[in-house]
Amino acid sequence: MRQVIIIGSGPAGYTAAIYAARANFKPLVIASSVEAGGELMNTTEVENFPGFPEGIMGPELMGRMQEQAAKFGAEILLDDVTAVDLTGEIKKVTLGSGETHEALSVIFATGSANRKLGLPSEDRLSGYGVSWCATCDGFFFRQKTIAVVGGGDSAMEEANFLTRFADKVYVIHRKDTLRASKIMQDRALANPKIEFVWNAAVTEILGDAAVTGVTVTDTVTGDKRDIALEGLFIAIGNDPRTHLIHGQVDLAPEGTIAVQGRSSKTNLTGVFAAGDVVDPTYRQAVTAAASGTVAALDAEHFLQSLSADVLAGAI
Amino acid sequence: MSAAPAVTDATFAADVLASDKPVLVDFWAEWCGPCRAVGPILDQILAEHGDKLSIVKLNVDENPQTAAAYQITSIPAMKVFQNGEVVKTVIGAKPKPALEADLAAFIG
C-alpha cells in the first residue's frame, strides 16, 4: 500500500508529485499510457510559465517536471486508471493492466478533455480533416484552406501556428468578441492569413470521405452559409475529466470536482483534487501547478494526522 | 516512438503491399506527441503478436508520397494492410487495451 497515489501527469499531477516526493511520501503517479504530460504535450511554445523568459516548448516543460518528480523519488507508471474506489479508509485504484494499487490518500489531477461540437459529422470525419491537435496535423494542410473553431487562447494559438502551413485560416467564433488574452488576440488579428468569421456557429461539417467544408449559422440572424475548406481544428474549450469518480466524489455546479474553500479537499476524507479538474475559471499551467502544490500539502497534513499503526501499513 | 522497422516511399510496395502477412503501418512524425506516446504500445503488441501481424513505421515528414497516397491528414494513423489493401484504420493514440480491441481481427 502507498501513502499517496496521484492520478494525472499534467502540471498539477507532477507538481503534486514533486512536493509529495520531497516530503518522502514516495508517491505513485498514474500518468496515463498515451496522454502522459497532459495537455501541454500538444502545444508548442509556452511563453507565460515563469522562469522561462525565452519560452519553452510544452513537451519539454512537461519532460522537465516529470524528471523533477522522478528525481525526488516519485514512481511514474504509464498506464490508465480504469476504476477507483475512494470511499473507504484504503483507496483502491485499478489500472488498464488489471493491477489494483492501494493507498491511504489519492490526489486526483485528471485535467480536462477537449470539448466537442456535438455533431455526428464531427465523429465521422475525425481524422479525415477534423482534428483536435494542430501541432500533430497542421503539417498535412500545406497551402490549404482550413478553419479553427473557438475564441480562446488555444484557438488563437492554433490559428497562428497553422498559418505556417495553410494558405488561409478562418477563425470561426460564436460571438463578436474573443475570450483570448490581448496578446494572443492581437497576434491573430494582425495575421494576414487569418480571417475571422464572427457570430458564427458550426452547425454541420460537410464531406463524405474527407472534410470539404462547413455550414455556419449566424448566431444573431440565424442565416446559414457554407464555407469551403479542407481542415477543421476544434478548440472550443475543455470539460473536466470526472467520469472515474461520478457517484463517489461531489461535483460543483460547473462540473468540476467540488473542493472546500481554497483547499484541495473533496467530500471524501483522504481524497484531494487539483488542476483543471477543480478549476472552471483560470486553467493555466501555473495555476494547475500551484493547485498541485496545495493538494500535496493537504495530503501531507492528512497523512500526518493518521495513527502510526495505519501509516505503518504503507510504504 | 516505436522501435518497429521503418518503411519508406521506396520500400513501401515491397515491405507492405507485397507482404503475405497483415502489416500495420504506423504513420508518425517526430513533432507529434501522441505518436511518441503510442509507439511503445505498438512495440508491445508487436512483441506479443508479431507472429500474426507485422508492424512497421512510416515517417510522414520524410515519406510524403505514401502519406499523400493514403490521404493521411491526422497522426498517429495506423493502417492495417492485407494483400495490398487497407483493411483497418485506427486514428489517434489509444491505450493498449483499446488498440488491442481495434486490432482483434488480426491479433485475436
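These numbers come from the heavy atoms of this one structure, side chains and all, not from hydrogens, waters or symmetry mates. Chain letters run A, B, ... following the sequence lines, proteins first and then strands; every chain starts at 1.
- No more than 12 heavy-atom neighbours from other residues, nucleotides or ligands sit within 6.0 angstrom of CD on B:Glu85.
- Pairing each heavy atom of A:Ser126 with each of B:Ile91, the nearest pair is O-CD1, 4.4 Å.
- Both the backbone and the side chain of B:Pro95 have a heavy atom closer than 4.5 Å to some heavy atom of chain A.
- Within a 6.0 Å radius of NZ in A:Lys71, no more than 12 heavy atoms belonging to other residues, nucleotides or ligands are found.
- Rounding to the nearest 0.5 angstrom, the gap separating the CG atom in A:Asp79 from the NZ atom in B:Lys96 is 9.5 Å.
- Looking only at heavy-atom pairs under 4.5 Å with chain B, the residue among A:Asp137, A:Thr135, A:Thr44, A:Asn42 that has the most is A:Asp137.
- Remark: side-chain polar atoms of B:Thr73 are paired, donor with acceptor, to backbone N or O of A:Gly127 under 3.5 angstrom.
- For the pair A:Phe140/B:Val60, a side-chain contact is recorded, criterion being any heavy-atom separation below 4.5 Å from C-beta on.
- Of all heavy-atom pairs between B:Arg36 and A:Pro59, the closest is NH2-CB, 4.3 Å.
- The environment of CD in B:Gln65 is sparse: at most 12 heavy-atom neighbours from other residues, nucleotides or ligands sit within 6.0 Å.
- Around atom CG of A:Asp208, no more than 12 heavy atoms belonging to other residues, nucleotides or ligands sit under 6.0 Å away.
- Of the residues considered (A:Ser32, A:Ala36, A:Gly138, A:Ser33), A:Ser33 shows the highest number of contacts with chain B, using heavy-atom pairs under 4.5 Å.
- Heavy atoms of B:Ile41 lying under 4.5 Å from chain A belong exclusively to its side chain.
- By the 6.0 Å contact criterion, CD on B:Gln71 is open, its count of non-hydrogen atoms from other residues, nucleotides or ligands being 12 or less.
- The shortest non-hydrogen separation linking A:Val34 to B:Ala93 is CB-CB, 3.8 Å.
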